[in-house]
Amino acid sequence: MTERVNPNIHEKIYDEKSYDPWIERDGGMRALMDSMAVDPTEIQLLEGYGREEVMHMFLSGMQNTVSLNNIFAIHHIIPKSVAKIGRLQIFTQKAATTLARYGTINMRNGWFGASYEVITDILLNGFNATNGLSIRGPLGTGVYLSPQNLACNSTQSCYPNPNGLKYMMLCRVILGNVEVVPVGSYERFLPSNIEFDCAVNHPTFPSMYMVWSCNLLTNIHPDCIVVYTETPTITRGGIG
């Protein structure tokens with residue numbers, strides 16, 4: 001299956017009035033935002049076609065390990081603060097320079113799984129050396145994401161909150177000029193050449209993307225958060 005990156009995923013395709021601050025609807029994100037000073041207007045429940053598309057990406061990528069009833073909420077990330085808009089502009093600029101240099105951006109959708117504390121820290125500060133960075137990972141030190149059709153590969157990093165909810169972030173990743181790095185390269189922390197932007201474990205069918213720590217600010221941009229559960233104890237509208 002050819003992976004398609006939706007160029008309009010960041011458009012305002014949701015209903016502004018659909019955001020419900022109650023924990024029963026938003027999977028606990030509002031409580032986290034209140035406690036960690038995240039602007040609630042920067043997290044909106046994704047509705048309509050955008051929600052259907054992200055939901056399809058997630059379910060197909062989970063390869064039948066979860067069902068539609070497991071999806072608790074899908075949130076769209078809208079940067080509004082000066083710092084977050086600045087990070088988006090840096091990402092956009094890197095896409096333009098990558099296109100000019102290599103003739104392609106090589107942008108992909110990537111799934112990033114983590115605890116809700118880490119996810120919220122990324123919402124506040126973007127990807128950096130204190131959140132999401134895997135030290136001595138299979139390809140070296142960097143941020144690991146799963147391809148769009150292999151969201152299941154990121155579940156091992158999705159630590160549940162006390163209510164059993166898990167969080168996975170859908171990101172746009174500028175792979176740019178990709179270096180194939182063999183699994184087991186634990187000591188690596190930089191690409192072998194400054195011309196390489198990211199690493200993969202296979203040249204044609206990678207099961208992981210890895211963004212080097214030196215490119216965290218420029219090559220990843222979070223778009224959506226999927227809140228889900230692997231058990232039937234939580235349903236929409238309440239906690240069982």
Side-chain angles (χ1 to χ4, degrees), residues 1-11 13 27 46-77 91 95 98 102 104-115 118-119 122 127 132 134 137-140 142-160 165-183 196-212 215-216 219-230:
M1 181 179 70
T2 301
E3 180 178 334
R4 181 170 65 89
V5 178
N6 177 13
N8 300 316
I9 190 85
H10 207 74
E11 289 187 356
I13 54 179
L46 187 61
E47 302 289 354
Y49 174 75
R51 184 182 190 279
E52 295 299 318
E53 186 172 20
V54 173
M55 181 173 62
H56 174 73
M57 289 182 195
F58 180 72
L59 291 177
S60 61
M62 292 298 284
Q63 299 184 349
N64 299 319
T65 59
V66 300
S67 69
L68 176 62
N69 291 331
N70 293 110
I71 297 179
F72 197 75
I74 299 178
H75 297 273
H76 186 46
I77 303 168
F91 178 84
T98 301
Y102 304 120
T104 178
I105 301 174
N106 198 10
M107 189 181 293
R108 294 291 185 268
N109 291 321
W111 294 103
F112 175 82
S115 66
V118 171
I119 292 292
I122 292 170
F127 284 92
S134 295
L139 306 183
V143 170
Y144 286 79
L145 304 101
S146 299
Q148 174 181 305
N149 63 337
L150 291 173
C152 55
N153 287 355
S154 293
T155 57
Q156 61 183 352
S157 302
C158 298
Y159 301 106
L165 292 171
K166 295 186 174 183
Y167 301 79
M168 197 176 293
M169 183 176 280
L170 179 64
C171 304
R172 280 178 289 170
V173 186
I174 299 173
L175 292 181
N177 192 22
V178 178
E179 179 179 11
V180 180
V181 176
V183 173
F196 290 120
D197 295 293
C198 299
V200 295
N201 62 325
H202 192 278
T204 309
F205 303 106
S207 61
M208 63 182 78
Y209 304 143
M210 198 268 284
V211 181
W212 300 105
N215 292 326
L216 297 186
N219 286 61
I220 313 176
H221 182 74
D223 269 323
C224 299
I225 299 171
V226 177
V227 184
Y228 73 103
T229 176
E230 293 181 344

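When reading the values below, keep in mind they use all heavy atoms of this one structure, side chains included, and skip hydrogens, waters and symmetry mates. Positions are given from 1 along the sequence.
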- Task: Show your working on side-chain contact (heavy atoms from CB on, under 4.5 Å) between R172 and N109 and close with a plain yes or no.
- Result: CA-CA 5 Å; R172 280 178 289 170; N109 291 321; 4.2 Å; yes
Any chance you could measure [X], atom [atom1], to [Y], atom [atom2], to the nearest 0.5 Å?
{"X": "R51", "Y": "H75", "atom1": "CZ", "atom2": "NE2", "answer": "10.0 Å"}
{"X": "H221", "Y": "C171", "atom1": "NE2", "atom2": "SG", "answer": "8.5 Å"}
{"X": "M62", "Y": "E230", "atom1": "CE", "atom2": "CD", "answer": "5.5 Å"}
{"X": "C198", "Y": "L145", "atom1": "SG", "atom2": "CG", "answer": "9.0 Å"}

For the residue pair [X] and [Y], establish whether any side-chain heavy-atom pair is separated by less than 4.5 Å.
{"X": "I225", "Y": "I77", "result": "yes"}
{"X": "I122", "Y": "F112", "result": "yes"}
{"X": "Q63", "Y": "N149", "result": "no"}
{"X": "T229", "Y": "F72", "result": "no"}
{"X": "V226", "Y": "L170", "result": "no"}
{"X": "V143", "Y": "I220", "result": "yes"}
{"X": "N106", "Y": "T98", "result": "no"}

Which atom names give the shortest non-hydrogen contact between [X] and [Y], and what distance separates them?
{"X": "I174", "Y": "A95", "answer": "CD1-N, 3.6 Å"}
{"X": "L139", "Y": "Y144", "answer": "N-OH, 2.7 Å"}
{"X": "C158", "Y": "G113", "answer": "SG-CA, 3.5 Å"}
{"X": "A199", "Y": "V181", "answer": "CB-CG2, 3.7 Å"}
{"X": "F127", "Y": "P222", "answer": "CE1-CD, 4.4 Å"}

- Query: Passes side-chain contact (heavy atoms from CB on, under 4.5 Å), V200 versus V180? Steps please.
  - Reply: CA-CA 5 Å; V200 295; V180 180; 4.1 Å; yes
Any donor and acceptor pair, going by atom type alone, linking the side chain of [X] with main-chain N or O of [Y] inside 3.5 Å?
{"X": "N201", "Y": "P206", "answer": "no"}
{"X": "W111", "Y": "M169", "answer": "no"}
{"X": "Y228", "Y": "M168", "answer": "no"}

- Residue that, paired with L175, satisfies side-chain contact (heavy atoms from CB on, under 4.5 Å) out of M210, R108, M107: R108
- I would like to know whether F58 and I74 meet side-chain contact (heavy atoms from CB on, under 4.5 Å); could you show each step before the answer? CA-CA 10 Å; F58 180 72; I74 299 178; over 6 Å; no
- Partners meeting side-chain hydrogen bond (donor to acceptor under 3.5 Å, both in side chains) with Y102 (sequence neighbours left out):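 side-chain hydrogen bond (donor to acceptor under 3.5 Å, both in side chains) list for Y102, sorted by chain: E195.
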- Please, which pairs that meet salt bridge (Lys or Arg N to Asp or Glu O under 4.0 Å) have at least one residue in residues 197-208, sequence neighbours excluded?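 Of all non-adjacent pairs touching residues 197-208, those that pass salt bridge (Lys or Arg N to Asp or Glu O under 4.0 Å) are K94-D197.
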